[in-house]
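Given the structure is predicted, the values throughout are model-derived calculations rather than measurements.
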Amino acid sequence: MSKSTDELFKNVISHAKEYGFVFPSSEIYDGLSAVYDYGQFGAELKNNIKTYWWKAMVQMHDNIVGIDSAIFMHPKIWKASGHVDGFSDPMIDNKDSKKRYRADQLLEDKIASLIKEAVDEAKNKTNQKYNTRIELEEQIDNEKSTVNLFNEIVSGIDINAGEHRYINTPGGKSEAFNWFTHLILESDYFKKAIEANTKLNEHLKNEDLVGLKDLIIALNIKCPVSGTANWTDVRQFNLMFSTQMGAVADDADVVYLRPETAQGIFVNYLNVQKSGRMKIPFGIAQIGKAFRNEVIARQFIIRMREFEQMEMQYFVRPGTQKEWFNQWKEARLKWHLALGTDAAKYRYHEHVKLAHYADAAYDIEFEFPFGFKEVEGIHSRTDFDLSQHEKFSGKKMQYFDPEVDPETGKPYGNYVPYVIETSIGLDRMFLLTMINAYEEEDLSTEEKQDSRTVLHLHPCLAPVKAAIFPLTKKDGLPEKAREIMDKLKIDFNIQYEEKDAIGKRYRRQDAIGTPFCITVDHQTLEDNTVTIRHRDSMQQERVPADQLDKIIGDLVSWRNLLK
RNA sequence: GCGGAAAUAGCUCAGCUGGUAGAGCAUCAGUUUCCCAAACUGAAGGCCGCGGGUUCGAAUCCCGUUUUCCGCUCCA
């Protein structure tokens, strides 16, 4: 990060606070870490971003509907979704290097390296004994594949039955290969690894943090950075917030604050499908808050404990997920670019390591001053979520598809739909919009140094659509200006200002991104025309006052973004 | 959570080797002004982050603490 971009980010943050966009939460009580409040203009801007999304997703698609599900949900939902297990990681710190690790990953790595020792040893011995060259294929001769090999051996899969996957011997796999696997299974390294693996799984299952630490000590695992085994205790990091439901403390059940809005959609999939008579493919959209106890939550509103998501889950026929995935990937980037953002600031990032539920995943990333960061994710979630809920709830999540498959000539029939998810972080989108709009413009001439800070917000998103100024606050100009404002404020968010020099008022509106300033002068009293000044060009034009609603209406119309 | 830095008016900061708290902008009340900031007069605004210690005396020195920033660690 260069000095100047670093500076830019800081300036945007202080601008956001100074002009009523974003305030630190509970500031008068020293603040609450990683929680922020949206101020008077921030709330407007945020609402406008939501409206843009909702219109683009729901209003513009006749097969997508929106819901608003509760933040509290049945605790079993989070078991089904995998959040209860996946969202609480055992962590351990090395006291010398100050590095933090996931305890389970440290152990898995150690187990993998033990297996590798066993395999290498067996390989060498086999090569000696049979005077042959057994080579592990390249693709499995690394740690990850070693773990796979290990898992297959452990789970009793007969590797002899497989193809030439593990061993590449010129003379076939028969005797040398058997000897090789025999050596592995007999190896002390391997036995140690199996034992460690068994214990690891046991401790994880029982949430035995002490056991995990003991195991790390017993295996003499060292920090890769400091090289010491000077570890802290293993601690549990719960990434879900919990609270109690029920007024009487004794009877209260633990419920979680949802860590994502998606599950609210999945558990209502049947309700929406039936009550709306939805036909596949169809989508369910939702905007709502979600909560995550991040280990480190920083960098302003990019990572908050309480945040808002705009998600759409698109239910499709199995086998068609790839096409839909690609289609939504394109469509979502278009939504971003329609705002006029420089396309070079966006990029796709493909997930190489996929989540347990996904068969494809792309992020849309934006170049923030501190680097490219995910703003939106498009994930192909397969039928994982609905199948899980089918399993945990016992309710059938199937859809009967009466359409005829042209290949078989029969209807597609019953299936659990596949899901394409588009999920955008509203707060990140907000920050992106602010950063992208923010400019410190140098307006200096030879005679005079001058500058202005301006938010080049898209007129559709601007918190205030227009400001009305009487040129001076006498001669009946304020009255005339208020008269014009009263007509406009029915349709638009309007501000009235009469204090300070006209130039200063223009600059104040620039700072909050108001696209248009309307000035009432003496000529207005004569012929009912006003000047309208455009934020970005600073150019003025004189127009009839009674056409303002149409002129402004056209300029801030959603048509400009959605067409 | 660890390490480093910082915290003084709404904002940006000054305040020396301890001696009663300062500026500019912003705000408020007026004056001036027919189109792009910083014109004139006046007013208000501070437990110098919080707690302790040293001292006759602490914004200033010491210790602790909180918050923020910058790194590291985590993030389907």
Roughly how far apart, to the nearest Å, are [N] and [M] at atom [atom1]?
{"N": "B:rG46", "M": "B:rA59", "atom1": "C1'", "result": "11 Å"}
{"N": "B:rG24", "M": "B:rA5", "atom1": "C1'", "result": "26 Å"}
{"N": "B:rC72", "M": "B:rU60", "atom1": "C1'", "result": "33 Å"}
{"N": "B:rU66", "M": "B:rC25", "atom1": "P", "result": "39 Å"}
{"N": "B:rU27", "M": "B:rG22", "atom1": "P", "result": "24 Å"}
{"N": "B:rC2", "M": "B:rC61", "atom1": "C1'", "result": "28 Å"}
{"N": "B:rA7", "M": "B:rC16", "atom1": "P", "result": "13 Å"}
{"N": "B:rG4", "M": "B:rC13", "atom1": "C1'", "result": "23 Å"}

Among [options], which nucleotide has an atom closest to any side-chain atom of [X]?
{"X": "A:Thr519", "options": "B:rC35, B:rA76, B:rC69", "result": "B:rC35"}
{"X": "A:Arg508", "options": "B:rU27, B:rA76, B:rC35", "result": "B:rU27"}
{"X": "A:Met538", "options": "B:rC11, B:rC70, B:rC36", "result": "B:rC36"}
{"X": "A:Arg507", "options": "B:rC35, B:rA37, B:rC11", "result": "B:rA37"}
{"X": "A:His83", "options": "B:rC35, B:rU33, B:rA76", "result": "B:rA76"}
{"X": "A:Ser451", "options": "B:rA37, B:rC11, B:rC36", "result": "B:rA37"}
{"X": "A:Tyr506", "options": "B:rA76, B:rU27, B:rC35", "result": "B:rC35"}

Rounded interatomic separation in angstrom, taking [atom1] from [X] and [atom2] from [N]:
{"X": "A:Asp500", "N": "B:rA29", "atom1": "CG", "atom2": "C1'", "value": "13 Å"}
{"X": "A:Ile13", "N": "B:rU12", "atom1": "CD1", "atom2": "C1'", "value": "16 Å"}
{"X": "A:Asp475", "N": "B:rU32", "atom1": "CG", "atom2": "P", "value": "12 Å"}
{"X": "A:Arg535", "N": "B:rA37", "atom1": "CZ", "atom2": "C1'", "value": "18 Å"}
{"X": "A:His15", "N": "B:rC11", "atom1": "NE2", "atom2": "C1'", "value": "13 Å"}
{"X": "A:Glu497", "N": "B:rU27", "atom1": "CD", "atom2": "P", "value": "9 Å"}
{"X": "A:Lys17", "N": "B:rU68", "atom1": "NZ", "atom2": "P", "value": "12 Å"}
{"X": "A:Asp510", "N": "B:rA37", "atom1": "CG", "atom2": "P", "value": "11 Å"}

Discussion item. Assuming nearest nucleotide by heavy-atom distance, tell me which of A:Gln539 and A:Lys499 is located more 5' along RNA chain B.
Written reply: A:Lys499

Worksheet item: Taking the nucleotide of RNA chain B with the closest heavy atom to each, which residue, A:His379 or A:Leu443, is nearer the 5' end?
Response: A:Leu443

Select base, sugar-phosphate, or nothing to describe what [X] touches, counting heavy atoms under 4.0 Å on all strands.
{"X": "A:Leu471", "answer": "base"}
{"X": "A:Lys473", "answer": "nothing"}
{"X": "A:Arg452", "answer": "nothing"}
{"X": "A:Gln540", "answer": "base"}

Close aromatic pair by centroid cut-off 6.0 Å: [X] and [Y]:
{"X": "A:His534", "Y": "A:Phe516", "answer": "yes"}
{"X": "A:Tyr346", "Y": "A:His336", "answer": "yes"}
{"X": "A:Tyr38", "Y": "A:Tyr36", "answer": "no"}

Scan every strand shown for a Watson-Crick or G-U wobble partner of [N], both distances under 3.5 Å, and answer none if you come up empty.
{"N": "B:rC40", "value": "B:rG30"}
{"N": "B:rU55", "value": "none"}
{"N": "B:rC47", "value": "none"}
{"N": "B:rA9", "value": "none"}
{"N": "B:rC16", "value": "none"}
{"N": "B:rC2", "value": "B:rG71"}

Worksheet entry | A:Phe72 CZ: over 12 foreign heavy atoms closer than 6.0 Å | no

Worksheet item: Under 4.0 Å: is that the gap between some side-chain N or O of A:Lys504 and OP1 or OP2 of B:rC36?
Response: no

Worksheet item: Do A:Arg533 side-chain and B:rC35 base share a donor-acceptor contact under 3.5 Å?
Response: no

Item to complete: Measure distances between side-chain N and O atoms of A:Asp521 and base N and O atoms of B:rC35, and say whether any donor-acceptor pair falls under 3.5 Å.
Response: yes

Item to complete: Can you label the angle between the A:Tyr269 ring and the A:Phe315 ring as parallel, tilted or perpendicular, going by 30° and 60°?
Response: tilted

Worksheet item: Does NZ or CZ of A:Arg482 come closer than 6.0 Å to the centre of the six-membered ring of A:Tyr496, within 45° of the ring's axis?
Response: yes

Item to complete: Determine, step by step, whether A:Leu333 and A:Tyr348 satisfy the side chain to side chain contact (heavy atoms under 4.5 Å, CB included) criterion, reporting the C-alpha distance in whole Å, the side-chain angles of both residues, the deciding distance to 0.1 Å, and the verdict.
Response: CA-CA 9 Å; A:Leu333 185 59; A:Tyr348 287 117; 3.5 Å; yes

Worksheet item: Are the side chain of A:Gln309 and the backbone N or O of A:Thr261 linked by a donor-acceptor pair below 3.5 Å?
Response: yes

